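Chain identifiers are assigned alphabetically (A, B, ...) following the order of the sequence lines, protein sequences preceding nucleic acid strands; residue numbering begins at 1 within each chain. The shown structure was predicted, so the numbers you read here are calculated from the model rather than taken from an experiment. All values below were derived from every heavy atom in this structure, side-chain atoms included, with hydrogens, water molecules and symmetry-related copies excluded.
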2 protein chains.
Amino acid sequence: MGESGKLVLHLNHKAKSLNQFTGEYECRVDAKGRLRLPSALIRQIGGVNLNFTVNRGFEQHLIMYPKEVWERKTKEINQLNIYSQQHRQVIRYFYRGATEVQLDTADRVLIPKSLLEYAEISKEVMLFAYQDQIEIWSKERYKIMLEQEPEDFSSIADKVFGNNAADV
Amino acid sequence: MGESGKLVLHLNHKAKSLNQFTGEYECRVDAKGRLRLPSALIRQIGGVNLNFTVNRGFEQHLIMYPKEVWERKTKEINQLNIYSQQHRQVIRYFYRGATEVQLDTADRVLIPKSLLEYAEISKEVMLFAYQDQIEIWSKERYKIMLEQEPEDFSSIADKVFGNNAADV
DNA sequence: TAGATAGTGGGGGAAAGTGGGAAACTCGTC
DNA sequence: GACGAGTTTCCCACTTTCCCCCACTATCTA
């Protein structure tokens, strides 16, 4: 979809959650579609929180949110106007495929096949955790993603960091 | 060392921290991927601070920040709008594999394999500490980086210091 | 030369991660 | 309801990795 930045800017996008994940983890999905979370990540999550929502990300990867993060995000989305076609599109696009999952006794989640297919995940997976979410990428796609430098990185970096930081 | 072009890349007016590192250190990663920090550097760090965040730098090297320095840096990036494709790219480009590490009892950190690969580090490593960060280079790449400075340094310096010197 | 500090390397126990058998459950069909 | 195919999930066994600990070497200082 188009970015329609104006549309979504009403949303309170700023991440002010307690969850602040970090880390890049290499791991794998087994033949049954189970993904074990690295224990370093489990520790960050904090033990109490075993429920997650997985859905499609915007760039052919998956995103996993702790349940209460997901609930907060849906609240934001639900503020959009369902009677506007454009908004409906955004709403659907946001929800597309969201599935609740939970850790089994060996700290694994079962990822639905349709989602694995969408992200082209067969075995090797990279987890990329930042802010309040955990992105799930196939290893190949992750590599490709890293190699792409955003065209306007320096101009946005300018804005964020305030001066000519990324000029050279 | 000292006056490299790279130095200028990281100008960040907002970064005034207590941490102020200096130095160039030669050291090595052992067969298990552990990097021992030189004790001179440990002394600069100040003992209290055992947690770091490592991520990819922009020139095929790694950067290590004390945890709270990293957290300060992410604050600004986290203000971006995750629903904007452009901003998402920038956020990912900024985080690019950031992973928390900590010193073991022998003052070593275990660097994730994916990051070692990215920086082409096998054994010999150069640490380059300045401001509030520690750059980690493979010895070969560090040499190459140093060698290619002189040609364009003056023109870059012109650009950076010539008109925007006020900020610095 | 001895003693202290810095740096290197590896053994081994514990923890993390992997894989598969099989019981339990779901759902459609006869 | 009975049955079977497919899926989910618990459990256990096995492999791999991590990290504490100790021992050894190298370098520096008095």
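Rounded to a whole Å, the CD atom of B/E26 is 15 Å from the C1' atom of D/dT27. The distance between atom CG of B/D107 and atom P of D/dC19, rounded to the nearest whole Å, is 15 Å. Atom NZ of B/K123 and atom C1' of C/dG7 are 13 Å apart (whole Å). The separation between B/L103 atom CG and D/dC19 atom P is 12 Å, rounded to whole Å. C/dA6 atom C1' lies 13 Å from atom CG of B/L37, rounded to whole Å. At whole-Å resolution of the value, CD1 in A/I111 and P in D/dT8 are 12 Å apart. Counting to the nearest Å, the P atom of C/dG7 and the CD1 atom of B/I42 are 9 Å from each other. In this structure, A/R108 places its CZ atom 9 Å from C1' of D/dT9, rounding to the nearest Å.
Scanning atom types as modelled, no donor and acceptor separated by under 3.5 angstrom connect the side chain of B/R28 and the base of C/dG9. For A/R34 and C/dG17, a side-chain-to-base donor-acceptor distance below 3.5 Å is absent, hydrogens and geometry of angles not being considered.
Judged by distance alone, with hydrogens and angles left aside, the side-chain atoms of A/R108 form no donor-acceptor pair with the main-chain N or O of A/L35 at under 3.5 Å. A donor-acceptor pair under 3.5 Å links the side-chain atoms of B/R96 to the main chain of B/G57, judged by distance alone. Looking only at distances, a side-chain donor or acceptor of B/Q44 sits under 3.5 Å from a matching main-chain atom of B/T22.
Remark on DNA chain D: of its neighbouring residues A/L110 and B/D104, the 5'-side contact belongs to A/L110, judged by nearest-heavy-atom nucleotide.
The side chain of A/R36 lies closest to C/dA16 when the candidates are C/dA16, C/dG19, D/dT7. If you check C/dG7, D/dC20, D/dC11 against the side chain of B/S39, the one that comes closest is C/dG7. The nucleotide whose nearest atom lies closest to any side-chain atom of B/K32 is, among D/dC10, C/dA6, D/dC19, D/dC19.
For C/dA6, the OP1/OP2 oxygens have a side-chain nitrogen or oxygen of B/R43 closer than 4.0 Å.
In this structure, the side chains of A/L127 and A/L37 come closer than 4.5 Å at one or more pairs of heavy atoms.
When all heavy atoms of A/S138 and A/E120 are compared, the closest pair comes out as CB-O, 3.3 Å.
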